Amino acid sequence: MKIRRAALAASLLSLVLTACGSGESGDSGPVKLTFQSLSDQPGAIEQTRKTVDEWNRTHPEAQVEIVPAGWDGVYDKLVTQFNAGSAPDIIHYEAAGIVPFAKDGYVADLTPYLPEAKRADVTKGVLDSVTVDGQLVGYPTEVQSYVVFANKTMLANAGVSLPTGPTMTWDQLREIAKATTKDGNFGLGWGLSSPTASFVAMAPGFGGKYFEGTGDAMKVSIGEGEMALPKLVSAMAYEDKSIMPVTLTQSGTKALAPFYGGQVAMTIQGSYQAANIAKDAPPGFDWVVLPPLAGPAGPAQASSAQTLSVNKDSAHVEQAAQFIDFFTSTENLAAINEADGLIPPTKSAREALAAKVGTKNGWDVILSSGEHLTSAPYVFADKYAQWKDTVATPAYQQFLAQKIDANGLAAQLRDGWQNISG
Amino acid sequence: MRALARPAQYLALACYLLFLGFPLLWLISASVKSSGELNSLTVSLVPEQWHWQNYPEALERQGLIRSAGNSLVVALASTALVILIALPASYVLARLKGKVRAAGIGWILVSQVFPVVLIILPLFLILRTLGLTDSLPGLTLVHTTYTLPFALWMLQGYVAAIPVELEEAGAMDGASRLRVLRAIVFPLLAPGVVATAMFSFVASWNEFFFALVLLQSPENYTLPITLNMFIGGEGKVALGPLAAGAVLAAIPSIVFFTLLRRRLTGGLMAGAVKG
């Protein structure tokens, strides 16, 4: 009983002490900038800290403090912070997330602070996705593409020679999947429990855009280009029977287990999984990254880059922009992307990283896929997140489970957008 | 047939306990598996190789211990405040007759209707005016406010279950109002207070959204915020360290429950004897 009373008293005392210590100091020293970072991998957290330490060492007049945050719930946090005028000076987020805030006028235009050459270094499509009304609302730091990881042994046993060349076609993928589907194993495992992101990202390869127009006038477009990939997946799953059925209802990461277990010869994953496969695959597992997939319209993929933005209400917009310039130098971008297993959005950083990592863990192919990233119209669709969660994902799931046909899918995608966008 | 009844009861109990405990066992198992094993097709409760590194990694990665300390402070303080306010208020609410009581009950119910997303912005602005955003006292106030209506509702049910005749008998024997409360009502109410304290503690310990929005400085983060940071973008999850962190996070709750469990039983027995 005494212990409990003491514990309670101690906690109340510490609470009071905390309250006493929570006042703001009125120091007039160097400029203080807060940097809300979403880095989540140990290597990336460490690299972020190193870069910030280096900035603080070389810029005593403007000191940056890292405020780590998680991806889950960060949108709600930012909504409150922006509306209450307490957002951090420098904001790590993604293009699809920051654009709506930029449209509402919460984000500073970085164009005056970043040299022309620096902007020109970014892959055009990626730069387009962070440009709102001609203003650069965030500088891209990391992007991902979808790539095919293959079990070399299973391909060899099926008599399949590894595709060479800068890209491979979806038809090639389909043929390889058919050839390696035998003895109870499947050619492809693709975690499509939340298929919208993959389908929308890879639609440009088939000429699909999904969204057209600007602002409130943005309309969903569901034509051949948008329907081609879902139809192809359905054909592979139910005509060829070359996609492991259970993976269609699993997350991307879950679909790695049958890949490691030799039950599927290939799996389509976010490029960052290369680092995980290198770490988690069983000993002796011989794997490779196949060339970037190309559809009839080429190997283009849409991607929502991770970004760094500046809070427009910051008292130190210029210094915050200078920090972003520093953080996204070629050397720093290469380092953070290496740590995170992602692709630098600038040509110079991709070259720097390629020179460092070579062909290890498929880095050469993954980095080459970064050349094909294109603009992502969905980034500018205000209701995209709502459409994705409440309309597209359930509709795709029904289609992949053969509960609705292609016409039904197209109708749901179209009508759902009209209902949401009013 | 009767001889088989007891073993059958034990078997049923064991099955039930296994059913209840399985998620925890699975969590513990996941916390000592390597990421390779967690991502393999082989599913087993007992790890092939015990991978203890998840624990130091969880502790080192995001300042888990500091966050646990913050959570403990906020949970204990808000629990104490909730009980302090709810105890007399619930008594009044349960014993009061007429429109005031109906209005009080109605207000409690209405207060549960608002979604947190709706109230977070005005709440944030109020706390900012008070200088209490990004502070543990501010979060404690919010948790207290958030938990209090349900705690009141819960506790007034316990008060209502105590026969008013017991209080009248005490008064007939010459006990003052305060003595009646101290000697008759509060001992009988002890199990309710303990149950309400448990509820308040767990509600605060697990609360995520308010802490996410109100806390800005890493040194003030509570445990749910820190654990949330093990889940990354692009679907990346550090499953092993997350499981290890979750196991560690469960320990204070278990200790708190173990300490209070005896009071819960003691209170129940006290009520039985007096009844």
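Predicted, not measured: the structure shown is a model, and the values here were computed from it. Sequence lines set the chain letters: A, B, ... in the order given, protein chains first and strands last, and positions in each chain run from 1.
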For chain B, find which of A/Lys77, A/Gln36, A/Gln263, A/Gln41 contributes the most heavy-atom pairs closer than 4.5 angstrom. A/Lys77
Centroid separation under 6.0 Å, is that true for the rings of B/His143 and B/Trp205? no
Aromatic ring pairing A/Phe199/A/Trp190, orientation class (parallel under 30°, perpendicular over 60°, tilted between): perpendicular
For B/Leu139, which atoms come within 4.5 Å of any heavy atom of chain A: side chain, backbone, both, or neither? neither
Could you look at A/Thr80 and say if it's the side chain, the backbone, both or neither that has a heavy atom under 4.5 Å from chain B? both
Option passing side chain to side chain contact (heavy atoms under 4.5 Å, CB included) with B/Pro224 (candidates B/Thr226, B/Leu227, B/Thr222): B/Thr222
Do B/Ser34 and B/His51 pair up side chain to side chain, a donor and an acceptor below 3.5 Å, judged on atom types alone? no
Pick out which of B/Val32, B/Leu38, B/Ile28 makes a side chain to side chain contact (heavy atoms under 4.5 Å, CB included) with B/Pro47. B/Val32
So which of A/Gly261, A/Ser39, A/Gly70, A/Ala84 has the largest heavy-atom pair count under 4.5 angstrom toward chain B? A/Ala84
Could you look at A/Ile45 and say if it's the side chain, the backbone, both or neither that has a heavy atom under 4.5 Å from chain B? side chain
Heavy-atom proximity to chain A below 4.5 Å, by part of B/Gln216: both
Between B/Leu212 and chain A, with a heavy-atom cut-off of 4.5 Å, which part of the residue counts as in contact: side chain, backbone, both or neither? both
Could you have a look at A/Pro68, A/Pro258, A/Gly73, A/Gly270 and say which one has the most heavy-atom pairs with chain B under 4.5 angstrom? A/Pro68
Step through it carefully: locate the ring centre of A/Phe259, locate the ring centre of A/Phe186, and say whether they are under 6.0 Å apart. no
At a 4.5 Å cut-off on heavy atoms, which part of B/Phe230 comes close to chain A: side chain, backbone, both, or neither? neither
With a 6.0 Å cut-off on the ring centroids, do B/Phe257 and B/Phe201 count as close? no
